[in-house]
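We number each residue from 1, following the sequence as shown.
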Amino acid sequence: MITQMVFVGTLVIAWLGAPSAAAQGGTTPLSLAEARSRALAASPELRAAVLALTAAVGRTRQAGAWTNPTLSYGREQTSRAGQTTSQSILSLDQSLEIFGQRGARRRVAELEQSATAARLSATRSAVSYEATRAYAAAVAATQRAALADEAARAFGTARRVSRARLAGGDVSGYQHRRLFLEAARYATLRSTALLARDSALRSLSLLIGSSARTDSAARLALTDTLAPAPLTLPVDSMVTLALAARSELLAGQLDAEAAAAGIRAASAEQIPALTLSGGYKDERLATGESLRGFVAGVSLPLPLWDRRGGAIAAARGEGGRRTAELERLRRQTVLEIEDAYAGHQALSGQLVELRGQLGEEARKARRSAEAAYAEGEISLLEWLDSVRAYQEAEAAYSTLWSEYVTRRAALERLTGLTLF
């Protein structure tokens, strides 16, 4: 009887006394909001998108610049029979695009700049999504590792107690060997869960700009376990929001508009630009006389060999490509919203139901099974089944919760709503 009481007591201590990661010294609390903020600050993709917008602003400014004037100087000199005649000409030439070519180029650049700004917003949303997904995966992996660690500790204690009970003749050799086999299986599961936890924490650390070393990542104490809740907004409204607000769609729309403006710009360049020239002329005759005056002229390239037909065809092809890509992205957005919404609503319902069956009530049932086994009221197989059922249910809840948060983050990214 004393051996049985020791067995029950040590099992309960092992199951309930395993310290959590946040309770151990040297941990760094990290909330989901902080993880998202740090990911945005550390993201090289976001820095690249900001620099791309800076470059687009520069291209827009350059597209509206006037062509520089050309200052030229020429001298002609002829001689015959000791007589010399010369003339010097200083002129200024200015090319004028009077048929809207410069404005058309600037319009293309402005639309491309707006598209780049939309892609910057899309990159920001994508970084927040990846940080949320990584955070949820790390929380779930940490919880599964804690469960596996609890089970391994409990079986380790049970194994030591079983030796004492075997020596006292309270258990059979088969039960003792079966317990050792199960303990080895749970030790293997614990190792796998710890590796998965460390990998998830390293991935999160890399996203938030921290060291990805295992010892540094393991000090992160993730504090957010969001309670599941279904969305009240219907899926049709979510689709409408996504089609109106998704940054990738806005960028695609602006790209298509820029391509259409590019066709107009290429067509405008079919009309040659005029070049006006004016200047000063100094002519010295062989008689020694000096004549001074001005020069003026106009030049116009003749569109004989290059009528910009290739540029126009290329612009039209690019416009068609971008329009088709925009349509593909619209269809993909509808599919992604419907898929994420359906998964989110289903998972939230499952999690609410599971949470009512797990928690403290499940722990009480597990402890009752331990006590019943220690008292000989249930067999070893029945106790092992109760352990396995508890472990699998809690681990499944963690996995489903991670997927739920990922679906919610996807909806936030697609619609622009604030869902966290």
Query raised in the report: Could you state the interatomic distance from CG (Asp236) to CG (Leu241), rounded to the nearest 0.5 Å?
Result: 11.0 Å
Query - Distance, nearest 0.5 Å, that separates CD of Glu403 from OG1 of Thr406 - result: 5.5 Å
Query - Residue pair Leu326, Asp255: steps toward the side-chain contact (heavy atoms from CB on, under 4.5 Å) verdict - result: CA-CA 9 Å; Leu326 177 61; Asp255 280 337; over 6 Å; no
Query raised in the report: Hey, does Asp282 have a side-chain heavy atom less than 4.5 Å from the side chain of Leu291?
Result: no
Query raised in the report: Can a donor-acceptor pair be found between the side chains of Arg144 and Thr399 at a distance below 3.5 Å?
Result: yes
Query raised in the report: Hey, does the side chain of Ser37 reach the backbone of Ala33 with a donor-acceptor pair shorter than 3.5 angstrom?
Result: no
Query raised in the report: Backbone N or O of Ser199 within a donor-acceptor pair of the Ser203 side chain at under 3.5 Å?
Result: yes
Report task. Calculate, to the nearest 0.5 Å, the distance between atoms CG and CH2 belonging to Leu351 and Trp401 respectively. Result -> 10.0 Å
Report task. Verify the distance criterion only: is there a donor paired with an acceptor across the side chains of Ser348 and Tyr404 at less than 3.5 Å? Result -> no
Requested in this report: May I ask you to decide if Leu96's main-chain N or O and Trp66's side chain share a donor-acceptor pair within less than 3.5 Å?
Outcome: no
Requested in this report: Identify the two heavy atoms, one from Leu30 and one from Tyr135, that lie closest to each other, and give their separation to 0.1 Å.
Outcome: O-OH, 2.7 Å
Query raised in the report: Taking the side chain from Ser237 and the backbone from Leu233, do they hold a donor-acceptor pair closer than 3.5 Å?
Result: no
Report task. Could you give me the CA-CA distance, side-chain angles and deciding distance for Leu147 and Tyr390, then say whether side-chain contact (heavy atoms from CB on, under 4.5 Å) is met? Result -> CA-CA 9 Å; Leu147 286 168; Tyr390 175 79; 4.1 Å; yes
Query raised in the report: Below 4.5 Å, heavy atoms only, C-beta onward: do Ser277 and Leu92 meet side chain to side chain?
Result: no
Query - Test item: Glu269 and Ile312 side chains (from C-beta on) under 4.5 Å apart, heavy atoms - result: no
Mind listing the side-chain donor-acceptor pairs of residues 186-193 below 3.5 Å, one per line with the distance, residues two or more places apart or on another chain?
from, atom 1, to, atom 2, distance (Å)
Thr188, OG1, Ala184, O, 3.1
Arg190, NE, Asp149, OD1, 2.4
Arg190, NH2, Asp149, OD1, 3.0
Ser191, OG, Ala187, O, 3.2
Thr192, OG1, Thr188, O, 3.1

Report task. Please answer whether the main-chain N or O of Ala56 pairs with a side-chain N or O of Thr60 as donor and acceptor at a distance below 3.5 Å. Result -> yes
Report task. Work out which heavy atom in Ser43 is nearest to a heavy atom in Leu46; give both atom names and the distance. Result -> OG-N, 3.1 Å
**Report entry** From CA spacing to verdict: side-chain hydrogen bond (donor to acceptor under 3.5 Å, both in side chains), Arg246, Thr333
**Finding:** CA-CA 8 Å; Arg246 187 180 184 184; Thr333 298; 2.7 Å; yes
Requested in this report: Take Ser205 and Leu220, measure what side-chain contact (heavy atoms from CB on, under 4.5 Å) needs, and give me the verdict at the end.
Outcome: CA-CA 8 Å; Ser205 295; Leu220 291 176; 3.3 Å; yes
Report task. Give the minimum heavy-atom separation between Leu300 and Pro272, together with the two atoms involved. Result -> CD1-CB, 3.7 Å
Query - Salt-bridge contact Arg322-Glu325 (side-chain N to carboxylate O under 4.0 Å) - result: no
Query raised in the report: At their closest point, which heavy atom of Arg413 faces which heavy atom of Ser125, and how far apart are they?
Result: CG-CB, 4.1 Å
Requested in this report: Evaluate the side-chain proximity of Gln113 to Leu53: yes if any heavy-atom separation is below 4.5 Å, no if none is.
Outcome: yes
Query - Greater than 12 external heavy atoms within 6.0 Å of Arg307's CZ - result: no
Query raised in the report: So, Gln101 versus Arg105: side-chain donor-acceptor pair below 3.5 Å or not?
Result: no
Query raised in the report: Mind checking whether Arg38 and Ser210 have side chains closer than 4.5 Å, heavy atoms only?
Result: yes
Report task. Can you measure from CG (Leu354) to CD (Glu394) and round to the nearest 0.5 angstrom? Result -> 9.5 Å
Query raised in the report: Got more than 12 heavy atoms from elsewhere within 6.0 Å of CZ, Arg284?
Result: no
Requested in this report: Dump the intermediate steps for side-chain contact (heavy atoms from CB on, under 4.5 Å) on Leu274 and Val298, then the final yes or no.
Outcome: CA-CA 7 Å; Leu274 290 172; Val298 60; 4.2 Å; yes
Requested in this report: Give a yes or no on whether a salt bridge exists between Glu97 and Arg102, defined as a side-chain N under 4.0 angstrom from a carboxylate O.
Outcome: no
**Report entry** Within 6.0 Å of CZ in Arg292, more than 12 heavy atoms from elsewhere
**Finding:** yes
Requested in this report: Indicate whether any N or O donor in one side chain lies under 3.5 Å from an N or O acceptor in the other, for Ser398 and Gln143.
Outcome: yes
**Report entry** N-O pairing of Glu336 and Arg331 below 4.0 Å
**Finding:** no
Requested in this report: Answer with yes or no whether the side chains of Thr67 and Ser95 bring together a donor and an acceptor at under 3.5 Å.
Outcome: no
Query raised in the report: Would you call Leu201 and Leu222 a side-chain contact if the rule is heavy atoms closer than 4.5 Å?
Result: yes
Query raised in the report: Are there more than 12 heavy atoms of other residues, nucleotides or ligands under 6.0 Å from atom CZ of Arg75?
Result: yes
Report task. Decide, yes or no, whether a salt bridge links Arg388 with Glu182 under the criterion of side-chain N to carboxylate O below 4.0 Å. Result -> yes
Query raised in the report: Heavy-atom distance under 4.5 Å between the side chains of Thr275 and Gln94, does that happen here?
Result: no
Report task. Nearest 0.5 Å please: distance from the OG atom of Ser114 over to the CZ atom of Arg119. Result -> 10.5 Å
Query raised in the report: Are Arg355 and Tyr397 in a cation-pi setup, meaning NZ or CZ lies under 6.0 angstrom from the ring centre and within 45 degrees of the ring axis?
Result: yes
Report summary line: Heavy-atom closest pair (Ala258 atom, Glu112 atom, distance to 0.1 Å) is CB-CG, 3.8 Å
Requested in this report: Find the distance between CG (Asp339) and CG (Leu335) and round it off to the nearest 0.5 Å.
Outcome: 6.5 Å
Requested in this report: State whether the side chain of Asp224 and the backbone N or O of Ser31 hold a donor-acceptor pair below 3.5 Å, judged by distance alone.
Outcome: no
Report task. Taking the side chain as every heavy atom from C-beta outward, state whether Met238 and Leu414 have any pair of such atoms under 4.5 Å apart. Result -> no
**Report entry** Minimum heavy-atom distance Tyr73-Leu90, with the two atoms named
**Finding:** CB-CD1, 4.1 Å
Requested in this report: Assess whether atom CZ of Phe294 is packed by more than 12 heavy atoms of other residues, nucleotides or ligands within 6.0 Å.
Outcome: no
**Report entry** Salt-bridge criterion met for Arg36 and Glu412 (N-O under 4.0 Å)
**Finding:** yes
Query raised in the report: More than 12 heavy atoms of other residues, nucleotides or ligands under 6.0 Å from CD of Gln62: is that the case?
Result: no
